[in-house]
J.: 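Next up is a structure, given as C-alpha cells.
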Amino acid sequence: MAESKHFIHEIIDEELKEGGRCYGKTVHTRFPPEPNGYLHIGHAKALEIDFGTAELYGGLCNLRMDDTNPTKEDEEFVEAIKEDIKWLGHDWGDRFYYASDYFEQMYGYAIELIEKGLAYVCELTPEQMKEMRGDTQTPAQSPYRDRPIEESLDLFKRMRAGEFEDGKMTLRARIDLASGNFNMRDPVIYRINRLPHHRQGTKWVIYPMYDFAHPIEDALEGITHSLCSLEFEAHRPLYDWVVNNISVECKPRQIEFARLGITNTVLSKRKLRNLIESGYVTGWDDPRMPTLCGLRRRGYTPAAIRAFHERNGVSKVNSLVDFAFLEYCLREDLNKTAKRAMAVIHPVKLIIDNYPADMTEEFTVENNPENPDDGVRTVSFSRELWIEAEDFMEVPEKKYFRLFPGNEVRLKSAYIVKCTGCDRDPDGNVTAVHCEYDTESRGGNPADGRKIKSTIHWVDSRTCVDAEIRLYDKLFTTEQPDLADCNYLDFINPDSLTVVEGAKVEASLADTKPADRFQFLRVGYFCADNKDSVPGHLVFNRAVSLKDSYRPEQ
RNA sequence: UGGGGUGUAGCCAAGUGGUAAGGCACGGGUCUUUGACUCCCGCAUUCGCAGGUUCAAGUCCUGCCACCCCAGCCA
C-alpha cells in the first residue's frame, strides 16, 4: 500500500465523511475493458486502481465487458481478459457483467429522453454532421433538433425495428450546439449497425454510444466511483448530464487519472496488433510484448507488476516511467522467491588437469540464500566442467578478476582452482581452459583462509543437460518510440531476441515445468517457456538480467 | 484565437503558508562462496517563468509560457 494517499482516495475520504456524497455507503468501482484485444500493463494500472480502491475501502469492484460496438468486439478476448485479471490476483466475485445485457434498459432511457424533449432522431449523414459541427468560433447546426417529440419517438422505434439502413439516422442528445465542449454539441447517442453482436446476435440493429451507455451501466450497477483515464475528462459533463436526466437513483461520480506510459515500448492496441501482423513479434503473448500474457510468459510475477503500479502512484500528470523501474520491481520480487540454479549460457570447457578422470563428487548448494526454507540440493562435479566463456580471459583487462592464467577463482560450492592456460583452435578460438584444483578447498573453503576474490558458476559436463535460452531485450531502441512525429517501427530493436541453442544447465533442471522461474546464478532471472519448454527440450526465457556493475576500465 | 487538463531532480512522486519526503536511475563505499542481494554516503539553495501579498510562498493573487486531451455514427 502506498505511503500516502493519492488524490482519488483523498476525494473518497471526503465523500465518506458525514454529510458527504457517500456517507454510509459501500465504495463500489468497476473495471470495464472493451473485449477487443488483450490486456497490457497499462490496463493493469487501471485494474489496480479499480480493484485496489474497492479493497482499500472494503468495497466491491465489478468486472464488466464494455461491448457496445459490434464491429470491434469479440468473445475470443473475454476469457483471456478474465484469466489475466485472475492472474494478477483480483476477484470480482459473482459480479461479472456485459454492457450489452443492459441494451433493453438503455433503450428505455433513450425513450425517456425523447419524451422529455432531450433527444431527437437526426437524419444527417456522417459527412453532413461533420460539416455542421462548427468550430471553436461557430456553433454547430442541427436541422432536426426541433422535430416533434412524437416524430422522434416513432422514428426511433422504427430504427430499432430495422426500417432504416446503417448510417441513415442517429439519435442525438439535445444539449447545447454552441458549447465550447464539442462533446456537448448534441452528441450522437445511438447509431444503426447491422453487424451481428458477439452476444446479442441480430437482436439489435441500433447500438448506444459510449457516452450514453457508460453512465447507465455504472448507474445500473450501483457504482459509486467510475474511475477512468484522462482523455474522458471532457466527457464528464456528458456523463453527468446522462445520469441527471434519466430516472436512475444512483449518480456515480467519474474521476480521471493519467494513463501509464513506459519507455522503450508502445501501449496502444493498434500498435501492438501491428507488431504482430508485421511479424516483429510472434503474437500477443510474445515475451517482448507489454501485454499481461506476454509479461507472464517472459517470467514477470503478479507481485512485481502490482508493486510497480503501487510505487508509481496515481496522478493526473502524463507520465513516462523508466522501463528500468519495472525491471527493478521484478528483480526485487524474484530475488526473494526464485530458486537458484547454475546454467552456462555460452559454454567453454574447463579441464581440471590434476583431478582424477574417473572421479565424481557431489556438492551441496543452497537453493536460495535469501530464503533458507528453500533448502539445498546436490550438484555433481567431475574433471571436465562447462563455464561461461566470458569468465576466462587469457589477457585480463583491468579490474577483471575471474579466470586468467595464474589467477585463482572459486567454483561455486566446489573447489578453488588456479588457471594454467587454455587451448585454441587454428582460428584462435578458445576451445578449453585448463586449471588445477586445490585439494584442500572442498566446498570452496581454502584451508589457509586466504581470500578468493571471485566465485564463478559451472556445470558438470557429465550430468548437465542442454537447453535453449532466449535472451530478450527491449523491443525499441528509443525511450519514446511513439512520439507524434516519428514512426515507431523505425525504432524496433533488431536484437530484442537472441536465441542460444546448446546452453548447459545443471541436471536438477531436467524436470523443470513450464512457467517455473529461477535465478541462474550470476546471469539473471529465467522462466521456462509456457508453450515451448518440454522435458528433453528445455526452453528458458530471460525475464531480466542481474544488475552488473562490472565496467572494464581502460 | 473555443473547451478541458497538467507543470516539483534524468524518470516517477510527496508536499494543503513555517523554511523541498521517498523510490528508480546514476556516482562512491561496505558486505559477499552470485561483480547479485544487504547496508552506508552523495545526488533540487529551489518547485515552468515574471511580478505581487506576507515576518514567512512550491503552497495565496495576477500575468505569461510550455505540454497533453477534445470537432468518430470508437471506447
Side-chain angles (χ1 to χ4, degrees), chain A residues 2-6 10 32-34 36 66-69 71-73 122 124-126 129-130 133-140 166-172 178-185 187-193 206-207 209-211 213-214 228-237 256 258 260 263 269 311-329 331-332 335-336 340 342 365-366 369-370 399-402 409-414 416 443-445 452-457 479 484 519-525 545-551:
Chain A
E3 315 69 36
S4 62
K5 293 194 170 189
H6 60 244
E10 288 183 346
E34 183 184 17
N36 70 343
D66 208 358
D67 56 349
T68 57
N69 185 350
T71 79
K72 295 170 66 181
E73 294 134 10
C122 177
L124 255 24
T125 64
M129 203 178 288
K130 192 173 181 179
R133 178 113 37 210
D135 54 39
T136 55
Q137 312 296 317
T138 324
D166 290 14
K168 264 282 188 278
M169 288 183 193
T170 59
L171 183 69
R172 289 229 251 169
S179 175
N181 181 350
F182 278 69
N183 297 305
M184 301 296 269
R185 315 252 267 216
V188 170
I189 58 176
Y190 262 94
R191 76 285 212 181
I192 303 172
N193 187 340
I206 57 172
Y207 292 92
M209 298 288 290
Y210 170 88
D211 284 322
H214 207 82
C228 64
S229 47
L230 244 33
E231 67 265 32
F232 293 104
E233 225 161 3
H235 295 247
R236 193 187 334 126
E256 312 84 11
L260 174 74
T263 62
K269 284 178 189 170
R311 291 162 180 226
N312 268 327
V314 178
S315 73
K316 300 185 72 160
V317 186
N318 283 311
S319 64
L320 186 66
V321 178
D322 197 332
F323 192 84
F325 188 59
L326 217 207
E327 295 190 318
Y328 166 81
C329 292
R331 288 193 190 102
E332 181 187 53
N335 178 50
K336 289 180 299 194
R340 271 60 171 172
M342 292 199 281
V365 190
E366 70 277 17
E370 303 284 329
K399 286 184 119 178
Y400 184 87
F401 47 77
R402 281 111 96 169
V409 304
R410 173 168 31 236
L411 296 174
K412 171 70 180 175
S413 299
I416 289 165
N445 299 305
I452 303 298
K453 180 75 171 160
S454 181
T455 299
I456 66 172
H457 61 284
E479 287 201 342
Q519 183 199 96
F520 287 169
L521 225 57
R522 302 208 306 131
V523 180
Y525 295 97
S545 67
L546 245 32
K547 270 186 72 175
D548 182 7
S549 61
Y550 174 55
R551 302 272 184 287

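Chain A is the first sequence line, chain B the second, and so forth, proteins listed ahead of strands; every chain is numbered from 1.
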J.: Kindly indicate whether the side chain of A:Ile456, heavy atoms from C-beta on, has any atom under 4.5 Å from the side chain of A:Leu411.
T.: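 Counting from C-beta outward, A:Ile456 and A:Leu411 do come under 4.5 Å.
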J.: Just compare B:C12, B:G10, B:G35 and give me whichever is closest to any side-chain atom of A:Tyr400.
T.: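 Of B:C12, B:G10, B:G35, B:G35 is nearest to the side chain of A:Tyr400.
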J.: Kindly assign one of parallel, tilted or perpendicular to the pair A:Tyr328 and A:Phe325, based on the angle between their ring planes and the thresholds 30° and 60°.
T.: parallel
J.: Given the C1' atoms of B:G22 and B:A13, what is the spacing between them in whole Å?
T.: 8 Å
J.: Determine the interatomic distance between P on B:U46 and the same-named atom on B:C61; round to the nearest Å.
T.: 24 Å
J.: Please check the phosphate of B:C74 (OP1 and OP2 only) for any side-chain N or O of A:Arg191 closer than 4.0 Å.
T.: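 Answer yes for this pair, as a side-chain N or O of A:Arg191 is under 4.0 Å from OP1 or OP2.
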J.: So if I take every side-chain heavy atom of A:Thr455 and compare against B:U34, B:C12, B:C69, which nucleotide ends up nearest?
T.: B:U34
J.: Looking for any heavy atom pair under 4.0 Å, which part of the strands does A:Asn193 touch: base, sugar-phosphate only, or nothing?
T.: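 Here A:Asn193 touches no strand at all.
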J.: When you measure from the side-chain N and O atoms of A:Ser315 to the phosphate of B:A13, is any distance below 4.0 Å, counting only OP1 and OP2?
T.: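 Yes, within the criterion.
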J.: Taking B:A56 as the reference, what is the distance to B:C68 when you measure between their P atoms (whole Å, please)?
T.: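 That atom pair is separated by 38 Å.
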J.: Taking any strand in view, what nucleotide pairs with B:A25 in a Watson-Crick or G-U wobble way, both distances under 3.5 Å?
T.: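 By the stated definition (distances under 3.5 Å), nothing pairs with B:A25.
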J.: Is the shortest heavy-atom distance from the side chain of A:Arg172 to the side chain of A:Met129 under 4.5 Å?
T.: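 Yes. Closest side-chain heavy atoms under 4.5 Å.
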J.: Give a yes/no on whether any side-chain N or O of A:Ser319 is located under 4.0 angstrom from OP1 or OP2 of B:C11.
T.: no
J.: Between B:A50 and B:A57, how far apart are the two C1' atoms, rounded to whole Å?
T.: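 It comes out at 15 Å once rounded to the nearest Å.
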J.: Just call it for A:Thr68: base, sugar-phosphate, or nothing, with non-hydrogen atoms closer than 4.0 Å on any strand.
T.: sugar-phosphate
J.: Measuring only the C1' atom in each nucleotide, how far is B:U16 from B:G28? A whole number of Å is fine.
T.: 38 Å
J.: If you assign A:Asp166 and A:Tyr550 each to the RNA chain B nucleotide with the nearest heavy atom, which residue ends up on the more 5' nucleotide?
T.: A:Tyr550
J.: With the side chain of A:Arg340 defined as its heavy atoms from C-beta on, choose the nearest nucleotide among B:A75, B:U34, B:U32.
T.: B:U34
J.: Send over the distance from A:Leu320 CG to B:C12 P, rounded to a whole Å.
T.: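 In whole Å, B:C12 P and A:Leu320 CG are 6 Å from each other.
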J.: Can you tell me how far C1' of B:C11 sits from CZ of A:Phe323, to the nearest Å?
T.: 14 Å
J.: The side chain of A:Asn181 is closest to which nucleotide in this list: B:G3, B:G72, B:G15?
T.: B:G3
J.: On the side chain of A:Arg402, is there an atom forming a donor-acceptor pair with the base of B:G35 - under 3.5 Å, no angle test?
T.: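 Donor-acceptor pair under 3.5 Å: yes.
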J.: Please tell me which of the listed nucleotides, B:U34, B:U6, B:A71, lies nearest to the side chain of A:Asp135?
T.: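 Among B:U34, B:U6, B:A71, the one nearest the side chain of A:Asp135 is B:A71.
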J.: Could you state the atom-to-atom distance from CZ of A:Arg185 to P of B:G4 in whole Å?
T.: 13 Å
J.: Please give, in whole Å, the distance from B:G10 P to A:Glu479 CD?
T.: 13 Å
J.: Please round to the nearest 0.5 Å and tell me the distance separating atom CD of A:Glu256 and atom SG of A:Cys228.
T.: 5.0 Å
J.: From B:G10, B:G7, B:G2, pick the nucleotide closest to the side chain of A:Gln137?
T.: B:G2
J.: Checking all strands, does A:Glu327 fall into the base, sugar-phosphate, or nothing category for heavy-atom contacts under 4.0 angstrom?
T.: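 Since no nucleic acid heavy atom lies under 4.0 Å of A:Glu327, the category is nothing.
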J.: Mind checking if A:Tyr525 touches a base, just sugar-phosphate, or nothing, with heavy atoms under 4.0 Å?
T.: nothing
J.: NA contact type, A:Phe232, heavy-atom cut-off 4.0 Å: base, sugar-phosphate, or nothing?
T.: base
J.: For B:G35, take OP1 and OP2 only and decide whether either is under 4.0 Å from a side-chain N or O of A:Arg522.
T.: yes
J.: Would you confirm whether A:Arg340, through its side chain, and A:Pro369, through its main-chain N or O, come within 3.5 Å as a donor-acceptor pair?
T.: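 A pair under 3.5 Å: no.
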J.: Determine the interatomic distance between P on B:U59 and the same-named atom on B:C49; round to the nearest Å.
T.: 10 Å
J.: Please classify the nucleic acid contact of A:Phe401 as base, sugar-phosphate, or nothing, using heavy-atom distances under 4.0 Å.
T.: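 Base contact.
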J.: Between B:C47 and B:C60, how many Å separate the two C1' atoms, rounded to a whole number?
T.: 16 Å
J.: Rounded to whole Å, please give me the gap between CG in A:Leu260 and P in B:C68.
T.: 18 Å
J.: Nearest to the side chain of A:Lys72, heavy atoms from C-beta on, is which of B:A75, B:C12, B:C37?
T.: B:A75
J.: Please give the nucleotide sitting opposite B:U6 as a Watson-Crick or G-U wobble pair, both distances under 3.5 Å, or none.
T.: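 With both distances under 3.5 Å, B:U6 matches B:A66.
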J.: Mapping A:Met209 and A:Lys547 onto RNA chain B by nearest heavy atom, which one lands closer to the 5' end?
T.: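 Result of the comparison: A:Lys547.
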J.: What heavy-atom pair brings A:Ala213 and A:Thr68 nearest, and what distance separates the two atoms?
T.: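 Scanning both residues completely, I find the closest heavy atoms to be CB-CG2, 3.9 Å.
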J.: What integer distance in Å separates A:Asn318:CG from B:C70:C1'?
T.: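 Going from A:Asn318 (CG) to B:C70 (C1'), I get 14 Å.
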J.: How many whole angstroms separate atom CZ of A:Arg331 from atom P of B:U34?
T.: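 Distance, rounded to whole Å: 18 Å.
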J.: Contact class for A:Tyr210 (heavy atom, under 4.0 Å): base, sugar-phosphate, or nothing?
T.: base
J.: Between B:C37, B:C73, B:C69, which nucleotide has the shortest distance from any of its atoms to the side chain of A:Asn335?
T.: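 Selected nucleotide: B:C37.
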J.: Using a 4.0 Å heavy-atom cut-off across all strands, classify A:Gly444 as base, sugar-phosphate, or nothing.
T.: base
J.: For the pair made of NE2 in A:His214 and P in B:C74, what is the distance, rounded to whole Å?
T.: 17 Å
J.: May I ask you to say whether A:Glu366 pairs ionically with A:Lys412, meaning some side-chain N is under 4.0 Å from a carboxylate O?
T.: yes
J.: Across the strands shown, which category fits A:Thr170 at heavy-atom distances under 4.0 angstrom: base, sugar-phosphate, nothing?
T.: base
J.: Would you kindly check whether a donor in the side chain of A:His235 faces an acceptor in the base of B:A75, or vice versa, at under 3.5 angstrom?
T.: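 Indeed there is one.
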J.: Strictly below 4.0 Å: does A:Arg551 bring a side-chain N or O up to OP1 or OP2 of B:G28?
T.: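 No, no such contact exists.
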J.: Kindly label the base of B:G4 as syn or anti, based on whether its glycosidic torsion lies within 90° of 0.
T.: anti
J.: Classify the nucleic acid contact of A:Arg133 as base, sugar-phosphate or nothing, counting any heavy atom under 4.0 Å across all strands shown.
T.: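 Contact class for A:Arg133: sugar-phosphate only.
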J.: For B:A44 versus B:C12, give the span between their C1' atoms, rounded off to a whole number of Å.
T.: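 Going atom to atom, C1' in each nucleotide, I get 15 Å.
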J.: Using the side-chain heavy atoms of A:Tyr328, tell me which of these nucleotides is nearest: B:C73, B:G7, B:C24.
T.: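 Closest nucleotide to the A:Tyr328 side chain: B:C24.
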J.: Can you tell me how far CD of A:Glu327 sits from CG of A:Asp322, rounded to the nearest 0.5 angstrom?
T.: 8.5 Å
J.: Could you please name the option among B:A25, B:A71, B:A75 that lies closest to any side-chain atom of A:Ala324?
T.: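 The listed nucleotide nearest to A:Ala324's side chain is B:A25.
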